[in-house]
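What follows is one structure encoded as structure tokens, with my remarks underneath.
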Amino acid sequence: MSREPGRRFQRLCVYGGSSSKVSEEYLRLASTLGETLAKRKIGLVFGGGKVGLMGAVADAVLAHEGEVIGVIPRDMVELEQAHQGCTSLRVVDTMHERKALMASLADGFIALPGGWGTLDEIAEVTTWTQLNIHLKPVGLLNRAGYWDHLLLWAEKACQEGFMTATSAKMLLASDDPEALLELLATAELPAEFRWQPPVLPKEPLPLQEGQLVTVGQRPLRVGLAIGEGAYARVFGAVCEETGQEVAIKEMRCGQGAGILPDASLQRANYEVKVMRLLSEPSEEGEALRVPKFLDHQFWDLAPAEPGAFLCRVAMTRRPGQALISWLEERSVCSSPAASTTSYCSDFLRAALSARELLSQLAPTFAQLNSIAMHRDVNARNILVFCPNSALEGGHAAPKDTSSLEFTLLDFGSSLDFHTWSATTGEGSWSVENPTGDARYWGPASWVRFLHGPHAMSDGLQQQYSQGLDAFALGICTLEVLSKLHGSFSLPKEAGEDPQIELMESINQFQKAWSRYWSFAILCFEKLAEYSQMVCFNEQQRATQLWEDTLWLCSAPPHRVRALRVARLRECRLRIREVVGLREGSQVLRNLACSILFRPARRGRPTAM
């Protein structure tokens with residue numbers, strides 16, 4: 001169960017009877033609830049009617065200058081049953097649309113006494129909380145014991161095995177509005193994720209520059225496209241209400257033309273969940289280095305595309321560019337070190353930049369890997385913001401590395417960590433193949449991909465099931481260190497310098513990294529070519545290329561591991577040499593400790 005002490009509500013949805021032929025006590029209760037909501041600055045979402053308890057609660061909120069949003073079917077408006085004093089009156093076509101929109105607008109739900117309609121509405125939103133379609137508290141205003149028999153039924157359902165005690169306790173009750181609001185504010189909600197198809201609105205407007213679209217409840221003015229991948233497109237946008245710069249990620253999922261086989265609704269919905277959880281502050285209270293989740297929405301693309309769905313996620317827009325392009329730009333434009341002093345100082349700057357990457361993203365990965373395994377950590381999915389983008393004196397690494405800002409992106413390949421780290425079952429490491437950019441795969445990923453889970457030793461199993469993200473982050477760190485240093489040859493006068501041994505060790509590291517990275521790129525290109533052939537149904541050529549890839553990677557599992565581990569160990573060895581020779585450099589020692597990984601424990605990267 002998940003407890004959120006002091007939960008604050010922007011709006012609450014209130015259900016209640018529409019009959020006026022009821023006891024005055026119930027009408028007074030509705031008015032008291034409306035007054036309480038208004039005084040607490042909590043907006044009201046209700047069924048849009050002007051009579052009965054619905055009308056009484058709306059009148060009370062309006063009388064105290066509160067916000068009232070009514071949602072009503074068109075035929076009720078035509079019968080002149082709509083409340084005309086609402087702050088906003090939303091007219092829909094069907095009862096199903098009415099209930100879905102009311103639920104999406106509210107942060108929680110209260111049922112006043114009512115009939116079948118009220119019972120249907122409160123039962124549905126309670127079920128949605130149970131199934132984790134939303135995480136919103138539900139309560140009954142139980143004046144004069146009106147709901148006692150419903151609460152007794154829930155107890156009976158528990159006794160007979162039709163309901164768990166946890167599910168029964170989700171339905172809170174009090175005869176006093178103030179007390180019920182306090183219960184809702186501290187309610188425990190289910191933490192387990194169980195996906196169910198959401199109620200989907202009509203087809204959305206296309207994402208085009210200048211177009212005004214709505215994602216959830218946020219009106220957004222679309223800007224330029226800022227990124228595109230195999231699964232999604234990302235656009236810049238501005239919130240019409242606040243002027244805030246945001247990003248919109250659009251994903252096509254389900255089944256249909258152009259949709260990848262593993263781009264399922266469940267996958268898109270889980271990505272939304274991970275982003276929502278990471279938008280909360282960490283245990284230490286600091287904000288994580290990820291875009292903040294703002295809102296999302298699904299659309300059913302049927303009947304034009306049966307089985308296909310569209311998901312859009314609105315998030316804050318983080319500054320910067322992809323780490324991979326930033327490194328390429330700076331390494332291409334930099335100049336080779338002209339002296340032994342600049343050769344060593346360039347390496348120190350690169351080491352400080354690499355350390356900044358690790359120290360900034362460490363809390364994010366610690367939090368992420370308590371929830372999910374990212375599975376696609378690479379330099380394309382890390383943003384870097386460098387306030388002073390100009391090269392200083394031909395140096396690739398910035399002088400002030402503390403000004404760098406790193407951000408982790410794209411949780412589309414994430415899987416629940418506990419499911420992933422289990423030995424068997426759907427979503428576990430033994431069932432799921434490696435994914436993402438193969439240049440950042442470790443030996444475990446390659447053995448798992450080429451030979452299957454049974455070929456993996458205990459050490460490789462641990463690396464794959466526990467340390468997958470940590471290994472990829474380590475490769476990103478080495479990439480930063482190498483490309484920001486940039487000098488692959490020693491200065492001419494290096495032989496006469498007293499620090500020649502240090503410089504030779506740095507140079508050996510660069511050569512070791514170059515050999516490792518060249519091999520990783522070659523394997524990546526072969527794998528990309530193989531995947532393309534499979535997609536185009538060129539089975540014979542794909543089979544031949546697969547055999548070539550097995551040969552390239554030294555087919556037997558122990559040789560695959562030995563080759564890749566040997567090359568990575570060579571990089572680590574050179575780092576150790578640099579640290580050993582540079583006794584006064586705590587920076588380099590810290591960096592080396594960060595990228596020389598130890599076995600992961602409790603599902604978190606030990607490099608953190």
Side-chain angles (χ1 to χ4, degrees), residues 230-231 260-262 373-381 413-415 419-476 478-479 512-513 515-572 597 599-600:
Y231 293 93
L260 296 176
D262 57 343
M373 186 68 78
H374 188 287
R375 301 203 309 144
D376 194 16
V377 177
N378 62 69
R380 295 183 188 277
N381 289 337
S413 297
S414 299
L415 290 173
T419 302
W420 166 263
S421 56
T423 307
T424 58
E426 184 179 355
S428 68
W429 67 267
S430 61
V431 173
E432 296 290 333
N433 271 319
T435 189
D437 193 328
R439 290 173 296 183
Y440 299 84
W441 287 5
S445 297
W446 280 104
V447 171
R448 171 67 182 81
F449 180 73
L450 294 171
H451 301 283
H454 303 297
M456 301 170 73
S457 65
D458 291 343
L460 288 180
Q461 285 183 17
Q462 187 175 37
Q463 182 190 107
Y464 190 64
S465 64
Q466 305 285 323
L468 198 65
D469 290 349
F471 189 97
L473 181 61
I475 296 299
C476 291
L478 290 170
E479 187 178 4
W513 167 257
R515 285 190 291 272
Y516 175 83
W517 192 238
S518 297
F519 182 68
I521 290 174
L522 179 61
C523 294
F524 171 76
E525 290 174 345
K526 289 290 185 184
L527 183 57
E529 189 180 354
Y530 167 78
S531 299
Q532 187 177 37
M533 289 179 182
V534 171
C535 289
F536 285 103
N537 239 357
E538 299 179 18
Q539 201 58 49
Q540 187 173 355
R541 291 181 62 197
T543 301
Q544 181 59 50
L545 186 62
W546 178 261
E547 293 174 356
D548 293 345
T549 305
L550 285 173
W551 177 84
L552 173 70
C553 294
S554 304
H558 66 279
R559 293 178 62 192
V560 176
R561 180 189 182 191
L563 184 57
R564 294 187 67 82
V565 168
R567 292 186 174 177
L568 188 60
R569 279 180 178 166
E570 189 176 6
C571 293
R572 294 175 178 173
F597 292 102

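Nothing fancy with the numbering, it's 1 onward along the sequence. What you see is a predicted model; the values in this text were computed from it and never measured.
- Partners of E479 by salt bridge (charged side-chain N to carboxylate O under 4.0 Å, His left out), not counting sequence neighbours, listed by chain and number: K483.
- In terms of heavy atoms, N433 sits closest to Y464 at C-OH, 3.4 Å.
- Looking at every heavy atom in both residues, S430 comes nearest to R448 through O-NH2, 3.1 Å.
- Taking every heavy atom of both residues into account, G442 and F471 meet most closely at CA-CE2, 3.2 Å.
- Annotation: the span from S421 atom OG to Q461 atom CD amounts to 12.5 Å, rounded to 0.5 Å.
- Classification of the W517-Y440 ring pair by plane angle, with boundaries at 30° and 60°, yields perpendicular.
- Side-chain contact annotation: D262 with Y231, donor-acceptor N/O pair under 3.5 Å present.
- Panel note: side chain N381, backbone D376; a donor-acceptor pair is recorded below 3.5 Å.
- When all heavy atoms are compared, the tightest approach of L460 to A444 is O-CB, 3.3 Å.
- Aromatic ring orientation, F449 versus W446: perpendicular (interplanar angle above 60°, classes split at 30° and 60°).
- Residues A379 and C476 share a closest heavy-atom pair of N-SG, 3.8 Å.
- The two residues S465 and W420 come nearest to each other via the heavy atoms O-NE1, 3.2 Å.
- Taken from CG in L473 to CG in L468, the straight-line distance is 12.0 Å, to the nearest 0.5 Å.
- Remark: W429 engages no residue in a ring pair (Phe, Tyr, Trp, His ring centres under 6.0 Å) (not counting sequence neighbours).
- To the nearest 0.5 angstrom, R375 atom CZ is 9.5 Å from D469 atom CG.
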